[in-house]
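In what follows, every heavy atom counts, from backbone to side chain, and hydrogens, waters and symmetry copies are set aside.
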Amino acid sequence: MGMDFMNTPTREELDIEFKSAATTKDATALPNVFPSIATKNEVCQKMTPMSMNMTDLGPVEPTEVPLDLPCLPLATLAQAEEFDVLLLDDTYFKQVVLYLGALGGSDTVDTTRRVMCKLMTNRLAMAFNWAGRPPKRAFRQMRCKDLVINAVRRNPTLPQPVLESDIEPHMKRWLRYASGRNH
């Protein structure tokens, strides 16, 4: 039972349909968007990576929640791995960046802390370190790392440009001291 690629929508059509479904916030519309494709993951595998220009995302309502957003903060490794796979979909990634980017903060440290706290619990953070030295997992290799960086960059109160090298030390420190915050 093979897929009929002659009737498969183009990347542009998929993008328009995803945006339409996301705008209406109607999760039931997604099966109608891709009747010939079983899952969103199959769609993601077919599409080539889009360039990420976070300045083109436009304004966001802090109450807007992306489709399929898991209950944040993430509490288990299984949830974190599943969420990281979802972030491979660039449209979903952008929606979550907008959502987390609306958290704000007074400076880079505060903004990074707010995003990381919203992303995962302290107990889950204890399972990660930056480099992935055993027995922990490498946070720097996860798509969540890029999510945090882009969400922090969305804070308009920070002096621009905000470099990865400005944000990474705060993520490292937040992960390092997770056990001290876990009560």
Side-chain angles (χ1 to χ4, degrees), residues 22 25 27 40-41 44 49-50 52-183:
K25 297 181 184 175
K40 246 185 1 180
N41 288 340
C44 295
M50 295 190 314
M52 294 296 296
N53 186 353
M54 300 314 292
T55 58
D56 294 338
L57 294 177
V60 63
E61 294 294 324
T63 57
E64 284 184 25
V65 178
L67 295 174
D68 304 328
L69 184 66
C71 183
L72 292 179
L74 302 170
T76 67
L77 278 173
Q79 288 176 338
E81 290 169 357
E82 186 177 313
F83 186 62
D84 219 48
V85 170
L86 285 173
L87 293 176
L88 294 173
D89 175 355
D90 286 335
T91 303
Y92 185 80
F93 181 87
K94 288 178 183 179
Q95 289 177 335
V96 180
V97 166
L98 289 173
Y99 175 70
L100 293 176
L103 294 174
S106 58
D107 56 19
T108 308
V109 176
D110 185 41
T111 305
T112 304
R113 181 191 57 78
R114 287 171 179 256
V115 172
M116 293 292 288
C117 286
K118 186 67 172 179
L119 181 62
M120 66 177 66
T121 63
N122 290 322
R123 182 174 296 284
L124 177 59
M126 290 169 34
F128 291 96
N129 62 38
W130 189 254
R133 285 180 297 282
K136 298 187 176 190
R137 308 264 177 120
F139 189 77
R140 74 175 178 191
Q141 295 175 347
M142 296 184 68
R143 185 85 163 131
C144 286
K145 176 207 60 149
D146 299 321
L147 175 73
V148 172
I149 289 169
N150 284 293
V152 170
R153 286 179 173 161
R154 293 284 302 165
N155 186 346
T157 63
L158 300 180
Q160 300 297 325
V162 181
L163 306 174
E164 281 187 37
S165 60
D166 296 332
I167 302 167
E168 285 178 0
H170 307 305
M171 287 190 287
K172 291 175 185 178
R173 190 173 306 116
W174 192 86
L175 291 168
R176 183 179 308 125
Y177 295 114
S179 62
R181 293 187 307 269
N182 190 39
H183 295 53

**Asked** Between the side chain of Asn182 and the main-chain N/O of Ala178, is any donor-acceptor distance below 3.5 Å?
**Response** no
**Interatomic spacing from CG in Leu158 to CD1 in Ile167 - rounded to 0.5 Å** = 8.0 Å
**Fill in**
Separation between CG (Asp90) and NZ (Lys94), nearest 0.5 Å, reads 6.5 Å
**Message:** To the nearest 0.5 Å, what is the distance between CG on Asn122 and OH on Tyr177?
**Reply:** 14.5 Å
**Request:** Under the side-chain contact (heavy atoms from CB on, under 4.5 Å) rule, what do Glu164 and Met171 come out as? Steps first, then yes or no, please.
**Result:** CA-CA 10 Å; Glu164 281 187 37; Met171 287 190 287; over 6 Å; no
**Message:** Side chains of Asn155 and Thr111: any donor to acceptor distance under 3.5 Å?
**Reply:** yes
**Item:** Heavy-atom closest pair, residues Arg154 and Leu98
**Value:** NH2-CD2, 3.4 Å
**Mutual orientation of the aromatic rings belonging to Tyr92 and Phe83 [parallel < 30°, tilted 30-60°, perpendicular > 60°]** = perpendicular
**Request:** Please name the pair of heavy atoms, one in Trp174 and one in Arg181, separated by the smallest distance, quoted to 0.1 Å.
**Result:** O-NH2, 2.8 Å
**Asked** For Val162 and Gln160, which heavy atoms make the closest approach, and how far apart are they?
**Response** N-OE1, 3.8 Å
**Request:** Using modelled atom types only, decide if a donor and an acceptor are shared between the side chain of Ser179 and the backbone of Met126 within a distance under 3.5 Å.
**Result:** no
**Request:** Identify the two heavy atoms, one from Thr121 and one from Ala75, that lie closest to each other, and give their separation to 0.1 Å.
**Result:** OG1-CA, 3.8 Å
**Message:** Would Lys118 and Val115 count as a side-chain contact (heavy atoms from CB on, under 4.5 Å) here? Give the steps.
**Reply:** CA-CA 5 Å; Lys118 186 67 172 179; Val115 172; 5.9 Å; no
**Prompt:** Of Lys136, Arg176, Lys145, which meets side-chain contact (heavy atoms from CB on, under 4.5 Å) against Trp130?
**Reply:** Lys145
**Request:** State whether the side chain of Arg113 and the backbone N or O of Gly105 hold a donor-acceptor pair below 3.5 Å, judged by distance alone.
**Result:** no
**Fill in**
In short, Leu147 meets Leu87 closest at the heavy-atom pair CD2-CD1, 4.0 Å
**Message:** I'd like to know if the side chain of Asp110 reaches the main chain of Ser106, judged simply by a donor and an acceptor atom lying under 3.5 Å from each other, with no hydrogens or angles considered.
**Reply:** yes
**Request:** Run through Met142, Arg140, Gln141 and flag the one making a side-chain contact (heavy atoms from CB on, under 4.5 Å) with Cys144.
**Result:** Met142
**Asked** If you draw a 6.0 Å radius around CD in Glu81, do more than 12 non-hydrogen atoms from other residues or ligands fall strictly inside?
**Response** yes
**Complete:** So CG of Leu74 and CZ of Arg123: to nearest 0.5 Å the spacing works out to 15.0 Å
**Item:** Rounded distance [0.5 Å steps], OG1 in Thr76 versus CE in Met120
**Value:** 11.0 Å
**Complete:** Output for pair (Cys117 SG, Leu72 CG), nearest 0.5 Å, gives 12.0 Å
**Request:** Output yes when a side-chain donor or acceptor of Arg143 lies under 3.5 Å from a complementary backbone atom of Asp84, and no otherwise.
**Result:** no
**Asked** Is it the case that more than 12 heavy atoms not belonging to Arg137 sit under 6.0 Å from its CZ atom?
**Response** no
**Request:** Could you pull out the closest heavy-atom pair between Phe128 and Ala138, with the gap in Å?
**Result:** CD2-C, 4.4 Å
